[in-house]
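We number each residue from 1, following the sequence as shown. Both ligands and their constituent atoms are indexed starting at 1 by order of listing.
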Amino acid sequence: MKYITWSARETSNLGRELAARLKGGEVVCLYGNLGSGKTTFISGVVNYFRPKTRVLSPTFIIVRHYRFDKAPVKNLFHADLYRLDNKSSIKSLGLVEYWSDPHSVFLMEWADKMAGQLPEKRIDISFRITGRDRREIIYGKTDK
Ligand SMILES: Nc1ncnc2c1ncn2[C@@H]1O[C@H](COP(=O)(O)OP(=O)(O)O)[C@@H](O)[C@H]1O
Ligand SMILES: [Mg+2]
């Protein structure tokens with residue numbers, strides 16, 4: 001499935017649409033260059049569960065945890081692997097433990113840094129900059 005968005009708002013709305021379908025236990029892997037809209041999309045997901053939440057890329061702390069009262073998703077983990085460059089440091093984060101919980105959703109930017117260690121059952125979303133405000137968002141991983 002391929003979408004074109006023409007503003008950050010449209011991209012975050014796509015995130016909301018995904019959020020509405022989440023039941024807990026999902027691992028969502030986001031791929032794409034800096035500025036392609038990954039964090040914007042995730043802010044849509046978070047704001048579906050908890051409106052008016054400011055979402056920043058967890059670049060330095062690696063994983064951010066949001067807790068919601070609203071069932072069925074109780075926790076959302078937002079990871080950004082951008083700054084990680086060796087496989088063992090990624091492994092030592094123990095991310096795998098986060099994504100075994102059926103009440104949690106795990107979203108990961110730069111998931112390609114963990115290629116080979118990702119769960120087989122996951123949602124892949126690729127982001128591409130195709131104009132100043134235009135982004136191509138593809139469900140299912142592409143090679144680009
Ligand atoms: N269609 C669009 N979708 C998402 N972001 C857009 C779009 N058009 C412009 N932007 C801008 O591009 C930037 C995307 O940043 P961000 O979501 O942090 O990207 P990433 O997390 O992939 O590095 C933001 O400054 C946003 O306002
Ligand atoms: Mg980001």
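- The shortest side-chain heavy-atom distance between Phe68 and Asn75 does not fall under the 4.5 Å cut-off.
- The backbone N or O of Lys52 sits less than 3.5 Å from a side-chain atom of Asn47, completing a donor-acceptor pair.
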(message) Run the side-chain hydrogen bond (donor to acceptor under 3.5 Å, both in side chains) test on Thr40 and Ser12 for me, step by step, so that the C-alpha distance in whole Å, both residues' side-chain angles and the decisive distance to 0.1 Å come before the verdict.
(response) CA-CA 5 Å; Thr40 302; Ser12 71; over 6 Å; no

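- Of the heavy atoms in Ser57, none comes closer than 4.0 Å to ligand 1.
- Between the side chain of Lys74 and the main chain of Gly24, no donor-acceptor pair closer than 3.5 Å is present.
- Checking side-chain atoms of Arg64 against main-chain N and O of Asp80 turns up no donor-acceptor pair under 3.5 Å.
- Ligand-side atoms of ligand 1 in range of Thr39: 17 (O), 18 (O), 20 (P), 21 (O), range being under 4.0 angstrom from any heavy atom.
- Among all protein heavy atoms, the one lying closest to atom 26 (C) of ligand 1 is Ala8 CB, 4.0 Å.
- Of the protein's heavy atoms, Thr11 OG1, 2.6 Å lies nearest to atom 3 (N) of ligand 1.
- At least one heavy atom of Asn33 sits less than 4.0 Å from an atom of ligand 1.
- Numbered from 1 in the order shown, with element, the atoms of ligand 1 that lie under 4.0 Å from a heavy atom of Thr5 read 1 (N), 2 (C), 3 (N).
- With a heavy-atom cut-off of 4.0 Å, Glu10 does not touch ligand 1 at all.
- The protein atom (non-hydrogen) at minimum distance from atom 6 (C) of ligand 1 is Arg135 NH2, 3.7 Å.
- Here the side chain of Lys113 pairs a donor or acceptor atom with the backbone of Tyr82 at under 3.5 angstrom.
- Atom 19 (O) of ligand 1 has its closest protein heavy atom at Gly37 N, 3.1 Å.
- Residue-level check: among N/O/S atoms of Glu109, OE1 sits closest to the Mg ion (ligand 2).
- Within the 3.5 Å criterion, the main-chain N or O of Trp6 finds a donor-acceptor partner in the side chain of Glu10.
- The closest approach between any non-hydrogen atom of Ser36 and ligand 1 is below 4.0 Å.
- Under the 6.0 Å cut-off for aromatic ring centres, Phe77 and Tyr66 do not qualify, their centroids lying 6.0 Å or more apart.
- In summary, Thr39 places an N/O/S atom under 2.8 Å from the Mg ion (ligand 2), meeting the contact criterion.
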(request) Decide yes or no on side-chain hydrogen bond (donor to acceptor under 3.5 Å, both in side chains) for Tyr31 and Asp124, but give the supporting numbers first. (result) CA-CA 8 Å; Tyr31 311 89; Asp124 283 324; 2.6 Å; yes

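- Heavy atoms of Thr40 found under 4.0 angstrom from ligand 1 belong to the backbone as well as the side chain.
- Backbone or side-chain N, O or S atoms of Asp80 do not reach the Mg ion (ligand 2) at under 2.8 Å.
- At a heavy-atom cutoff of 4.0 Å, ligand 1 is contacted by no atom of Leu30, backbone or side chain.
- Close approach to Asp133 involves these atoms of ligand 1, each under 4.0 Å from a residue heavy atom: 1 (N), 2 (C), 7 (C), 8 (N), 9 (C).
- For atom 13 (C) of ligand 1, the closest heavy atom belonging to the protein is Gly35 O, 3.8 Å.
- Of the possible donor and acceptor atoms, one in the side chain of Lys38 sits under 3.5 Å from a partner among the backbone N and O of Gly32.
- Distance alone, capped at 3.5 Å, is enough to place a donor-acceptor pair between the Arg135 side chain and the Arg132 backbone.
- Given atom 22 (O) of ligand 1, the protein heavy atom at minimum distance is Lys38 NZ, 2.7 Å.
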